[in-house]
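When reading the values below, keep in mind they use all heavy atoms of this one structure, side chains included, and skip hydrogens, waters and symmetry mates. Residue numbers begin at 1 in each chain, while the letters A, B, ... track the order of the sequences. Worth saying up front: this structure is predicted, and the values here are computed from it rather than measured.
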Amino acid sequence: MTGRASVGAAAGLVFRRDLTLAWRRWDEVAQPLIFYVVVTTLFPLATTPDLNQLRTISGGVVWVAALLASLLALEALFRSDVEDGTMEQWVMTGQPLGWLLLAKVASHWVLTGLPLVVMSPIVGTALGLPFAAWGTLMLSLLLGTATLSVLGGIGAALTVGVRRGSVLLSLLVLPLAMPLLIFGSRAVGLVMDGESPSGPLQLLAAIFFLSLSLGPVAMSAAIRISVES
Amino acid sequence: MLPDGARLAAREINAWRGDRHILRDVSFDVRSGEFLKITGPNGVGKTTLLRVVCGLLPAESGEVSWRDRPVQGASDEFHAEMAYLGHLNSLKADLTARENLRFLAGLRQALSDSDVDAALDRVGILSRGDLPARSLSAGQKRRLALARLLLSGAALWILDEPVTNLDTAGIALVEDLIREHVERGGLALAAAHQRLLDDAPMLRRLELQ
């Protein structure tokens, strides 16, 4: 043994571990993405196949679907680690817990948020979203899903010890996610009207950095409470 | 190898579980080179005491100190020097035995492949190193959890029923591991029902009632 592992190495191990685990359970990981594609495909069936009408709601539909798909993936974020005792070991590694949890949330985002962002031009185009809005849609979703992963991480950390915590988790996270939805779909709407989306995008970026800076502290405090049993 | 003079002390710990006051003014003291065995009937609070010492559960009152400094508020420094083996083995069923060690013990210590193999060999499951943890028997999982303890580099071992699911050879292994650790200057704390190092000179007892 060559001495203490650095914080960066420890966070890297957490990140790689979750990717390895996801690779072995890819069916669970793919679930939110499938949900996302299915929901956006249902809209033209339920409303109208006319692309000109669909176009007006396309940004909003993609955003709502992405939001719900992200929420769907959140509940299981910390559950298995708390149940099998891994989390109590993480609390006692002597490493800053916030960094380990942030690494876990980052891998969660790569597995569930990033695929939504990558798929968004395709599902958007199916709803008549113009090519000119692709960049804004992807950028807004990039910031939005990443923020949601951190906010959801706080919620998941708080509710992981609660039986049937998923309802509580939605109640906690959805109000916090509302600004993301509003600014995100507004940015897409602006660019489709030929205006600059920079205002709402900057607000999204501000919310992202705010949650990134406070998230690890809140998550580690919540996890410490959740392993007290 | 391990720094001398380490001391873990608990002073008048009181703890509640729900509405039951289960730990009443529990005090103990363990120094480097000692093994404290905590005994007592089921439900008397052995696990609770160990979890309070680990900082996983808050005590109602009382103080745990490590190297004569209160653990409260300096928990990262304390945790870096201790390793806890609980009722749960803290294993991921989908990861192999080797990966389990790398991804959990590796958070504390920078490990090489030979470190991991040496630990697996010491607990007698080297040949199972590349099997997913789900396919190990209950005893082999416990041995894997013990291997994590060996790789932790910790001075203080806190063990909750370490011999659960182990065969007689496994129990002897746990005794050897604790004896070696303590002889190197480490400290160990264990809650146990079974015989565990009962005749060893380093043994001290704490009976909860």
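The residues A:E75 and A:R79 are annotated as salt-bridged, a charged nitrogen and a carboxylate oxygen being separated by less than 4.0 angstrom. Using a 4.0 Å cut-off between charged nitrogen and carboxylate oxygen, B:R143 and B:D167 count as a salt-bridge pair. Between B:R204 and B:E34 a salt bridge is recorded (basic side-chain N to carboxylate O distance below 4.0 Å). Taking a cutoff of 4.0 Å between a charged side-chain nitrogen and a carboxylate oxygen, B:E180 and B:R122 qualify as a salt bridge. No salt bridge links B:R24 with B:E12; every basic N to acidic carboxylate O contact stays at or beyond 4.0 Å.
Using a 4.5 Å cut-off between heavy atoms, A:R25 touches chain B through its side chain atoms alone. Within the 4.5 angstrom heavy-atom criterion, atoms from both the backbone and the side chain of A:R17 approach chain B.
Within the structure, side chain to side chain donor-acceptor pair (under 3.5 Å) pairs that include any residue of residues 201-216 of chain A do not occur (at least two apart or interchain). Among residue pairs with one or both ends in residues 95-105 of chain A, those qualifying as side chain to side chain donor-acceptor pair (under 3.5 Å) are A:D18-A:K104, A:D81-A:K104; sequence neighbours excluded.
Residues of residues 27-45 of chain A lying under 4.5 angstrom from chain B, judged on non-hydrogen atoms, do not exist. Of all residues in residues 92-105 of chain B, those placing a non-hydrogen atom less than 4.5 angstrom from a non-hydrogen atom of chain A are B:K92, B:D94, B:L95, B:T96, B:E99, B:R102, B:F103, B:L104.
Residues B:L206 and B:S27 approach most closely at CD1-O, 4.1 Å, considering heavy atoms.
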request  = Given side chain to side chain donor-acceptor pair (under 3.5 Å), test B:D115 with B:S112 step by step and report yes or no.
outcome  = CA-CA 5 Å; B:D115 294 331; B:S112 68; 3.2 Å; yes
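The residue among B:N89, B:L107, B:L88, B:T48 with the most heavy atom pairs within less than 4.5 Å of chain A is B:L107. Note on A:A11, A:S6, A:A10: by heavy-atom pairs under 4.5 Å with chain B, the leading option is A:A10.
The closest side-chain heavy-atom distance from A:L210 to A:L214 is below 4.5 Å.
The closest donor-acceptor contact from the side chain of B:H181 to the backbone of B:G33 lies at 3.5 Å or more, if one exists at all.
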